[in-house]
Amino acid sequence: MKVVNVVLSGGVGSRLWPLSRKSRPKQYLPIFEGQSLFEKTVVRNSEVCNQVMVVGGVDNYKLSREILKNTGTSDYIELVEAAPRNTAAAIAFAALSLPEDAIMLVTPSDHLIGDQEIYNDSLTQAVNMAKNGFLVTFGLIPSKPETGFGYIEHDGNNVLGFREKPELEQAQAYLDQGNFLWNSGMFCFAAGTYLSELGKYEPEVLKASKLAVENADNGFLPLDLSMKIPSISVDYAVMERSDKIKVVPSSFSWSDMGSFEALFDYYPVGSKERIGENLVLGSDKHVEFVGVEDIVLVETKDAILVLNRSNAQDVKKVYERLEKENPSLLN
């Protein structure tokens, strides 16, 4: 049976600027024991999947190719988006390029996951459900009231509802209630099942995606047809509307590595990056902190960012402002 790891690698990692740039987004930064998150994703999923498909952006496909070559992954499929059209379309591109009965494990390329045996067990459960015609998502058992993730309300494998990223008080209420999971953004389903449900709820996305795939040039999707695809996430398009949804409650360690707070948690006390309750990234200078805690200092050749760790989510606002005022700092 074909089990394909569909790696979505089109994100820009705006909350990790200035480390993450358009020319080398966070998933390609080799700052995790000398490996990138993209590499870790491909290697981790190879234990359950027997093929890799990368759906990525035109700016970064060479980075993906380089890493796949270094990991010895030769049997892979590549789809290169001319412009980002969100996850419903990205997953449709993959599903349209596979046999209907192929099982797709759809994963972002920028997550850090541990506990491989527990992880493999969760994947195996999801594959078995996907074979039976379900659209499966993975929900992480929460360890704290996190405001940066969406939540899934569940009863066993049954999904009762999806929730947007909450305020802190609401996140604590979810934790106290005990039947809410963090929404991991990982999915498992048969290609044909996904296309059928997408066609039911978002026929325009399916129709336009199919046209783009049919006119692709050696895996490169055409810009003009791509821009006609409605931009909508897979959550809004399908997962929150279908009656075929299941969830695998999972206890493997997981982080979306989406902020400097997540990086702070990653680096152990005593590492060169972690100085007391402060974090230094990208600098080869000696750094001292006096009278301050929870500070993150990031240095690159053309930018310095200093922030309080509690404001880690606000870096995206800096990125968005620079996009208008000084876009060269994002490249």
Side-chain angles (χ1 to χ4, degrees), residues 4-18 20-29 36-38 41 52-68 76-98 104 106-111 185 187 191 194-195 198-199 201-239 256 258 316-331:
V4 183
N5 180 201
V6 177
V7 184
L8 305 180
S9 65
V12 297
S14 57
R15 288 175 293 169
L16 286 182
W17 179 89
S20 184
R21 303 294 181 105
K22 289 182 177 179
S23 58
R24 190 175 289 271
K26 68 169 179 174
Q27 60 267 33
Y28 300 112
L29 298 171
S36 67
L37 293 172
F38 181 93
T41 299
V52 178
M53 174 185 280
V54 180
V55 184
V58 70
D59 294 332
N60 306 123
Y61 71 92
K62 290 180 181 176
L63 297 175
S64 303
R65 285 182 181 178
E66 184 184 336
I67 291 169
L68 288 165
Y76 65 89
I77 305 167
E78 181 182 63
L79 291 171
V80 182
E81 295 178 291
R85 302 312 297 156
N86 218 317
T87 50
I91 297 169
F93 298 151
L96 288 161
S97 305
L98 292 168
M104 301 165 60
V106 181
T107 64
S109 60
D110 55 2
H111 289 181
F187 311 101
Y194 176 72
L195 293 175
L198 182 65
Y201 296 107
E202 290 290 342
E204 285 305 310
V205 175
L206 177 60
K207 182 181 174 184
S209 297
K210 191 168 188 289
L211 198 57
V213 169
E214 287 171 349
N215 287 276
D217 181 11
N218 204 24
F220 286 76
L221 296 156
L223 179 60
D224 56 340
L225 294 176
S226 296
M227 294 309 294
K228 294 177 180 175
I229 303 170
S231 177
I232 183 171
S233 76
V234 65
D235 296 277
Y236 291 143
V238 175
M239 301 304 288
D256 71 345
K316 185 173 183 178
K317 296 175 185 173
V318 176
Y319 187 98
E320 289 167 350
R321 177 170 53 78
L322 290 173
E323 206 152 26
K324 297 170 187 168
E325 297 175 4
N326 197 346
S328 65
L329 282 171
L330 306 182
N331 295 328

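Values reported hereafter were calculated over all heavy atoms of this structure, with side chains retained and with hydrogens, waters and symmetry mates removed. Starting from 1, each residue takes its place in the sequence as its number.
- The distance from the CG atom of Leu37 to the NZ atom of Lys26 is 7.0 Å, given to the nearest 0.5 Å.
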Worksheet entry | Ile232 vs Asn86, side-chain contact (heavy atoms from CB on, under 4.5 Å): CA-CA, chis, key distance, verdict | CA-CA 6 Å; Ile232 183 171; Asn86 218 317; 5.5 Å; no

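- In Asp217, the CG atom is not crowded: 12 or fewer heavy atoms of neighbouring residues, nucleotides or ligands sit closer than 6.0 Å.
- Ion pairing between a basic and an acidic side chain is recognised when a charged N comes within 4.0 Å of a carboxylate O; Glu214 and Lys210 show such pairing.
- Taking CH2 of Trp17 as the start and CG of Leu322 as the end, the distance is 5.0 Å to the nearest 0.5 Å.
- Put simply, the side chain of Ser109 gets close to the backbone of Leu8: a donor and an acceptor are under 3.5 Å apart.
- Tyr76 contributes atom OH, which lies 5.5 Å from atom CG of Leu68 (distance to the nearest 0.5 angstrom).
- Taking all atoms of both residues into account, the shortest heavy-atom contact from Met53 to Ser97 is CE-CB, 3.9 Å.
- Taking every heavy atom of both residues into account, Leu221 and Ala212 meet most closely at CD2-O, 3.6 Å.
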Practice prompt. Just do the side-chain contact (heavy atoms from CB on, under 4.5 Å) check on Leu206 and Tyr201 with the steps written out, would you?
Written response: CA-CA 9 Å; Leu206 177 60; Tyr201 296 107; over 6 Å; no

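- What you find for Ala90 and Glu81 is that their closest heavy atoms are CB-OE2, 3.8 Å.
- Between Pro108 and Asp256 the shortest side-chain heavy-atom distance does not fall below 4.5 Å.
- Residues Phe220 and Tyr61 bring their aromatic ring centres within 6.0 Å.
- Shown are Val55, Val54, Thr107, Ile91; of these, the side-chain contact (heavy atoms from CB on, under 4.5 Å) with Val6 is made only by Val55.
- Remark: Gln27 CD to Asp110 CG distance equals 5.5 Å, nearest 0.5 Å.
- Interatomic distance, CZ of Arg21 versus CG of Asn60, reported as 13.5 Å (0.5 Å rounding).
- Checked against salt bridge (charged side-chain N to carboxylate O under 4.0 Å, His left out), Glu320 has no partners two or more places apart in sequence or in another chain.
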Worksheet item: Does the side-chain hydrogen bond (donor to acceptor under 3.5 Å, both in side chains) test come out yes or no for Tyr28 and Ser20, once each step is laid out?
Response: CA-CA 9 Å; Tyr28 300 112; Ser20 184; over 6 Å; no

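- Here OG of Ser14 is found 9.5 Å from CG of Leu330. Values are rounded to the nearest 0.5 Å.
- Contact annotation: the side chain of Val238 never approaches that of Phe187 to less than 4.5 Å [non-hydrogen atoms, C-beta and beyond].
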Practice prompt. Test Thr41 against His111 for side-chain contact (heavy atoms from CB on, under 4.5 Å), laying out the working first.
Written response: CA-CA 7 Å; Thr41 299; His111 289 181; 5.7 Å; no

Item to complete: Show your working on side-chain contact (heavy atoms from CB on, under 4.5 Å) between Val7 and Val52 and close with a plain yes or no.
Response: CA-CA 7 Å; Val7 184; Val52 178; 4.3 Å; yes

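- Residues Leu98 and Ile77 have side chains in contact (heavy-atom distance under 4.5 Å, counting atoms from C-beta outward).
- In this structure, Glu78 contributes its side chain and Gly219 its backbone to no donor-acceptor pair below 3.5 Å.
- In this structure, Tyr194 and Ala95 approach most closely via the heavy-atom pair CD2-CB, 4.2 Å.
- Glu202 and Ala237 get closest at one heavy-atom pair: CG-CB, 3.8 Å.
- Closest heavy-atom contact between Ile229 and Ala208: CG1-CB, 3.6 Å.
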